[in-house]
Amino acid sequence: MKLSREFYCRPTLEVARSLLGKVLVRRLRGKNLAGKIVETEAYVGKDDLACHASKGRTSRTVTMFEKGGCAYVYMIYGFYFCLNAVTEPEGYPAAVLIRAAEPLDHVSVMRRLRKNPDHDSNIASGPGKLCMAMAIDKTLNGRDLTSGTLWIEDRNLDVGRIETGPRVGVDYAGEYRDKPWRFYIKGNPHVSRVRWKG
DNA sequence: AGATGGATTTTC
DNA sequence: AAAATCCATCTC
């Protein structure tokens, strides 16, 4: 049911691609909120200037050095949280950012957590939105995704066609800016709208 | 449909 | 000071 430790302890680009179509589940007050993952990004090691761990092992990035299968949750822009699945063996700092999901189970609860958007494609179509919709915050940082109240499982859902492209919001990352390490399901309405700064 | 600015806190 | 974002509020 839940993805195994071995699933996460692989090369990060492979994990990022194979997480598409898997189901993110959050147990909250006796309900399993669930959504199909439709968009991910890979952040790969100390050399990757877009990866937080390029700054080395700090209090913020220590989770990225953990063994694959842990959750790396951080606050961004003072308002929002982002959820990552840590990848690769312990000591290699890398993770996959879960950017968007298609709500599947307890959609009404997720909609309410998101303050009732007009359309369901606005519930979890972005990393900050996804964390709001599933009540994910920093208290989950470092948790094990292979046990506990937050996990990813395989329901053998149809994945469709996978597209790749540059990661969002990493203009500062030099030669790593244009790496095609963003993965998403082509045509799925729950993929985030890409906007870059001007 | 696309651009701009504001909210707010962690990080180095 | 800038950030792996989101939203309201402009302008075309």
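Numbers restart at 1 for each chain; the letters A, B, ... are given by sequence-line order, proteins then strands. Below, all heavy atoms of this structure are taken into account, side chains as well, without hydrogens, waters or symmetry copies.
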Check the distance between [N]'s [atom2] and [X]'s [atom1] and give it to me in whole angstrom.
X      : N      : atom1 : atom2 : answer
A:Y172 : B:dC12 : OH    : C1'   : 14 Å
A:F79  : C:dA2  : CZ    : P     : 18 Å
A:F81  : C:dA3  : CZ    : C1'   : 15 Å
A:E41  : C:dA4  : CD    : P     : 11 Å
A:R193 : B:dA3  : CZ    : C1'   : 15 Å
A:I76  : B:dA7  : CD1   : P     : 18 Å
A:I98  : C:dT5  : CD1   : P     : 14 Å
A:R167 : C:dT5  : CZ    : C1'   : 17 Å

>> So if I take residues 182-190 of chain A and measure heavy-atom distances to DNA chain C, which residues fall below 4.0 Å?
In response: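 Output list: empty, so none.
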
>> Under 4.0 Å, heavy atom to any atom of DNA chain C: which of residues 131-143 of chain A qualify?
In response: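 Of all residues in residues 131-143 of chain A, none places a heavy atom under 4.0 Å from DNA chain C.
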
> For A:R26 and A:T149, does a side-chain donor sit closer than 3.5 Å to a side-chain acceptor?
Replying inline: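 Checked: A:R26/A:T149 side chains pair up, N/O donor to acceptor below 3.5 Å.
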
>> Once you apply a heavy-atom cut-off of 4.0 Å, does A:G78 come out as touching a base, just sugar-phosphate, or nothing?
In response: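 Result for A:G78 = base.
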
> For A:L97, which contact category applies under a 4.0 Å heavy-atom criterion: base, sugar-phosphate, or nothing?
Replying inline: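 The residue A:L97 makes base contact.
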
>> For a stem of at least 3 consecutive Watson-Crick or G-U pairs with distances under 3.5 Å, i pairing with j, i+1 with j-1 and so on, which stems involve DNA chain B?
In response: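 Stems for DNA chain B, defined as runs of 3 or more consecutive pairs: B:1-7 with C:5-11, B:9-11 with C:1-3.
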
At under 4.0 Å, does any side-chain N or O of [X] touch on OP1 or OP2 of [N]?
X      : N      : result
A:T58  : B:dC12 : yes
A:H52  : C:dA4  : yes
A:R114 : C:dC7  : yes

> A:Y77 has a side chain; which of C:dC6, B:dT9, C:dT5 sits nearest to it?
Replying inline: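 Among the listed nucleotides, the one closest to the side chain of A:Y77 is C:dT5.
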
>> A:R177 vs A:E175, test: salt bridge (charged side-chain N to carboxylate O under 4.0 Å, His left out). Steps then yes/no.
In response: CA-CA 6 Å; A:R177 183 190 62 183; A:E175 61 187 299; over 6 Å; no

>> Assuming nearest nucleotide by heavy-atom distance, tell me which of A:M75 and A:K55 is located more 5' along DNA chain B.
In response: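 First, find each residue's nearest nucleotide; the 5'-ward one identifies A:M75.
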
> Are A:Y43 and A:H52 near enough that their ring centres are under 6.0 Å apart?
Replying inline: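 Distance test on ring centres: not under 6.0 Å, no.
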
>> Between A:E39 and A:R182, does the salt bridge (charged side-chain N to carboxylate O under 4.0 Å, His left out) criterion hold? Intermediate values first, please.
In response: CA-CA 7 Å; A:E39 181 181 357; A:R182 174 175 178 250; 2.8 Å; yes

>> With a 6.0 Å cut-off (strictly less than), is the heavy-atom count around NZ of A:K46, excluding the residue itself, greater than 12?
In response: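 For A:K46, atom NZ is not crowded (no more than 12 foreign heavy atoms under 6.0 Å).
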
